[in-house]
Amino acid sequence: MTVTRSRVVGSGSYLPERCITNAELADRLETSDEWIRSRTGIGQRHVAADGELTSDLATRAARRALDHAEMTTDDIDLVVVATATPDLTFPATAAQVQANLDIHRGCAFDVQAVCTGFVYALAVADNFVQLGQSKGALVIGAETFSRILDWEDRGTCVLFGDGSGAVVLRPEEGDGTAADHGILSTHLHADGRHKDMLYVDGGPSTNQRAGLLRMEGREVFKHAVVNLAQAVDEALEVNGLTGDDVDWLVPHQANRRIIDATARKLGMTEEKIVLTIERHANTSAASIPLALSEATGDGRIKAGDMVLLEAMGGGFTWGSAMVRW
Ligand code: ACO
């Protein structure tokens, strides 16, 4: 049976220049490099410069992904930006990115699923491609979480960073088996009963402010371990695969201990996990495409590799994507 798959043909990323180490945070907060590293695996985070917007980060990653794919903006008819930190309430950050790239056709919109945003955006774009509605899609995760952090709250501000990553999708014919290149499956979940565990205390309809991030860290941790195990099982089962068939796990980079728990579930050793958390911290929707861009750029992920993406975030939302590179 011939099917249309969305093949990932390019990736790119961008990190703002300014980098803040744990030691610098410890100078102004009651915390330490040892506490942050041992609880989270984070060593430093990048922070956008004054006036540097989410759309600026997104545009840089998108240009690099297009170059990597050897495509031009003329080839793009869909721009999806996953972000929880848009430039403005509206228009969508994707519209600004589209304008920055001088693209005047197709459609552009944002997807908001916080840290699961990239997996959600990838699933949406994959559906467009499979239905023949897009012949070239830019899927971007971009965040400036530094703008919504309470820098006095040591329980949250040490965890996050700014950055962006992007992939380009193109249709490719496959035979409907796991041997095809491209996105083999996506699974998305949400359970809004847990919306108060991780949220921002502002918004246009609530109090007309951007607000700051608030989190019940322990509860998020517990749910993440359970939900991600479920997402991983589902992805393996639907594709008739086992953990041994997966060449690379590219997890959302929230906490090293959450990642290790998921890897254990898959029976995966550290060499098969793409880890960026030590250098990037949690960049929310940007973390997976940033990690993908690094691991394809340095030759770890190669054509034909089986790559499993998984993420969990505010909402709660969670999900996975199985991709043959
Ligand atoms: N430095 C030093 N001490 C700290 C810090 C800090 N940065 N932050 C909190 N503490 C203290 C607390 O005040 C508390 O002190 P107390 O015992 O005197 O009251 C103590 O450390 C323990 O606090 P807990 O919050 O219980 O610490 P825990 O071991 O749960 O670790 C953490 C906190 C790292 C936030 C953990 O719960 C976690 O990683 N949760 C997942 C959250 C996450 O990843 N969120 C990202 C968004 S969702 C996602 O992407 C999956």
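When a ligand or atom number is given, it counts from 1 through the structure's own listing order.
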S.K.: Pick, from R39, Q253, M197, the option with the minimum heavy-atom distance to atom 29 (O) of ligand 1.
M.R.: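 Answer by nearest heavy atom: R39.
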
S.K.: Ligand 1 versus L29, non-hydrogen atoms closer than 4.0 Å: side chain, backbone, both, neither?
M.R.: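 Answer for L29: neither.
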
S.K.: Using a 4.0 Å cut-off to any heavy atom of V158, which atoms of ligand 1 qualify?
M.R.: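 Near V158, the atoms of ligand 1 are 7 (N).
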
S.K.: Considering only heavy atoms from C-beta outward, does the side chain of D247 approach that of W325 to under 4.5 Å?
M.R.: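 No - every pair of side-chain heavy atoms lies 4.5 Å or more apart.
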
S.K.: From atom 5 (C) of ligand 1, is the closest protein heavy-atom distance below 4.0 Å?
M.R.: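 Yes, at least one protein heavy atom sits under 4.0 Å from atom 5 (C) of ligand 1.
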
S.K.: Given the rule that I, L, V, M, F, W and Y join up when any side-chain heavy atoms are under 4.5 Å apart, are V8 and L184 in one cluster?
M.R.: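 Each belongs to a different hydrophobic cluster.
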
S.K.: Using distance alone, decide if ligand 1 has a nitrogen or oxygen within less than 3.5 Å of any nitrogen or oxygen in G217.
M.R.: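 Looking only at distances, the answer is yes, because the N/O contact criterion of under 3.5 Å is met.
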
S.K.: I need the nearest protein heavy-atom contact for atom 38 (C) of ligand 1: residue, atom name and distance, please.
M.R.: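 The answer is N255 ND2, 3.6 Å.
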
S.K.: Which option wins on minimum heavy-atom distance to atom 50 (O) of ligand 1: E34, E30, H252?
M.R.: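 Among E34, E30, H252, the closest heavy atom to atom 50 (O) of ligand 1 comes from H252.
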
S.K.: Which is closest to atom 26 (O) of ligand 1 in terms of heavy atoms, R218, M215, R154?
M.R.: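 Shortest heavy-atom distance from atom 26 (O) of ligand 1: R218.
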
S.K.: Can you sort out the partners of R64 under salt bridge (charged side-chain N to carboxylate O under 4.0 Å, His left out), two or more places apart, ordered by chain and number?
M.R.: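 So R64 forms no salt bridge (charged side-chain N to carboxylate O under 4.0 Å, His left out) with any residue.
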
S.K.: Does the protein come close to atom 1 (N) of ligand 1 - that is, does one of its heavy atoms sit below 4.0 Å from that atom?
M.R.: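 True for atom 1 (N) of ligand 1.
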
S.K.: Would you verify that at least one protein heavy atom lies under 4.0 Å from atom 16 (P) of ligand 1, or report that none does?
M.R.: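 Within 4.0 Å: no protein heavy atom nearby.
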
S.K.: Look at atom 49 (C) of ligand 1 and say which protein heavy atom is nearest, naming residue and atom and giving the distance to 0.1 Å.
M.R.: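 Protein heavy atom with the smallest distance to atom 49 (C) of ligand 1: M312 O, 3.4 Å.
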
S.K.: Do you know which two heavy atoms are closest between I301 and V250, and how far apart they sit?
M.R.: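 Distance-wise, the nearest heavy atoms are CD1-CG2, 4.1 Å.
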
S.K.: List the closest protein heavy-atom neighbour of atom 8 (N) of ligand 1: residue, atom name, distance to the nearest 0.1 Å.
M.R.: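 Ranked first by proximity to atom 8 (N) of ligand 1 is W35 CH2, 3.3 Å.
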
S.K.: Specify side chain, backbone, both or neither for T31, according to which of its non-hydrogen atoms lie closer than 4.0 Å to ligand 1.
M.R.: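 Looking at T31 and ligand 1, atoms from backbone and side chain both fall under 4.0 Å.
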
S.K.: In terms of atom number and element, which parts of ligand 1 are under 4.0 angstrom from non-hydrogen atoms of G155?
M.R.: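 Close to G155: 8 (N).
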
S.K.: Of the backbone atoms (N, CA, C, O) and the side-chain heavy atoms from C-beta on, which set of V114 has a member under 4.0 Å from an atom of ligand 1: side chain, backbone, both, or neither?
M.R.: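 Neither; no heavy atom under 4.0 Å.
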
S.K.: Mind checking the NZ-OG1 spacing from K195 to T317? Nearest 0.5 Å is all I need.
M.R.: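 That separation rounds to 14.5 Å.
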
S.K.: Verify the contact flag for atom 46 (C) of ligand 1, where contact means a protein heavy atom under 4.0 Å away.
M.R.: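 Given the 4.0 Å cut-off, atom 46 (C) of ligand 1 counts as touching protein heavy atoms.
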
S.K.: Would you check if R279 and H46 make a side-chain contact, meaning some heavy-atom pair closer than 4.5 Å?
M.R.: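 Of all side-chain heavy-atom pairs linking H46 with R279, none is under 4.5 Å.
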
S.K.: R214 and side-chain hydrogen bond (donor to acceptor under 3.5 Å, both in side chains): which partner among D150, T156, D153?
M.R.: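 Among the candidates, only D150 passes.
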
S.K.: Using a 6.0 Å distance limit plus a 45 degree cone around the ring axis, check whether R28 lies over the aromatic ring of W151.
M.R.: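 Relative to the ring axis of W151, which defines the angle, R28 lies inside both limits.
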
S.K.: As an exercise, identify every atom of ligand 1 less than 4.0 angstrom from a heavy atom of C115.
M.R.: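 By the 4.0 Å cutoff, the relevant atoms are 50 (O).
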
S.K.: Can you check whether H223 reaches H194 side chain to side chain, under 4.5 Å on heavy atoms?
M.R.: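 Yes, their side chains come closer than 4.5 Å.
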
S.K.: Considering only protein heavy atoms, which is closest to atom 48 (S) of ligand 1, and at what distance to one decimal place?
M.R.: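 Here the nearest protein heavy atom works out to L198 CD2, 3.4 Å.
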
S.K.: For a quick test of reading the model, state the closest non-hydrogen atom pair linking R147 to G51 and the distance between them.
M.R.: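 Result for this residue pair: NH2-N, 4.2 Å.
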
S.K.: Which of the atoms in ligand 1, numbered in the order shown and given with their element, are less than 4.0 Å from a heavy-atom of F160?
M.R.: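 Near F160, meaning under 4.0 Å from one of its heavy atoms, ligand 1 has 46 (C), 47 (C).
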
S.K.: Name the closest protein heavy atom to atom 44 (O) of ligand 1, giving the residue it belongs to and the distance to 0.1 Å.
M.R.: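 Protein heavy atom at minimum distance: A254 CB, 3.6 Å.
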
S.K.: Using every non-hydrogen atom in the two residues, find where A108 and Q98 come nearest and quote the distance to one decimal.
M.R.: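 Looks like CB-CD, 4.1 Å.
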
S.K.: Do ligand 1 and N282 have nitrogen or oxygen atoms that lie under 3.5 Å from each other?
M.R.: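 The answer is yes, given that N282 and ligand 1 share an N or O pair closer than 3.5 Å.
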
S.K.: Which residue and non-hydrogen atom of the protein lie closest to atom 34 (C) of ligand 1, and at what distance in Å?
M.R.: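 I find the closest protein heavy atom is T40 CG2, 3.7 Å.
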
S.K.: Quick check: closest heavy atoms across A321 and L122, and the distance to 0.1 Å?
M.R.: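 Closest approach of A321 to L122, heavy atoms only: CB-CD2, 4.0 Å.
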
S.K.: Which heavy atom of D180 sits nearest a heavy atom of R5, and at what distance?
M.R.: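 In this case the closest contact between D180 and R5 is OD2-NE, 2.8 Å.
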
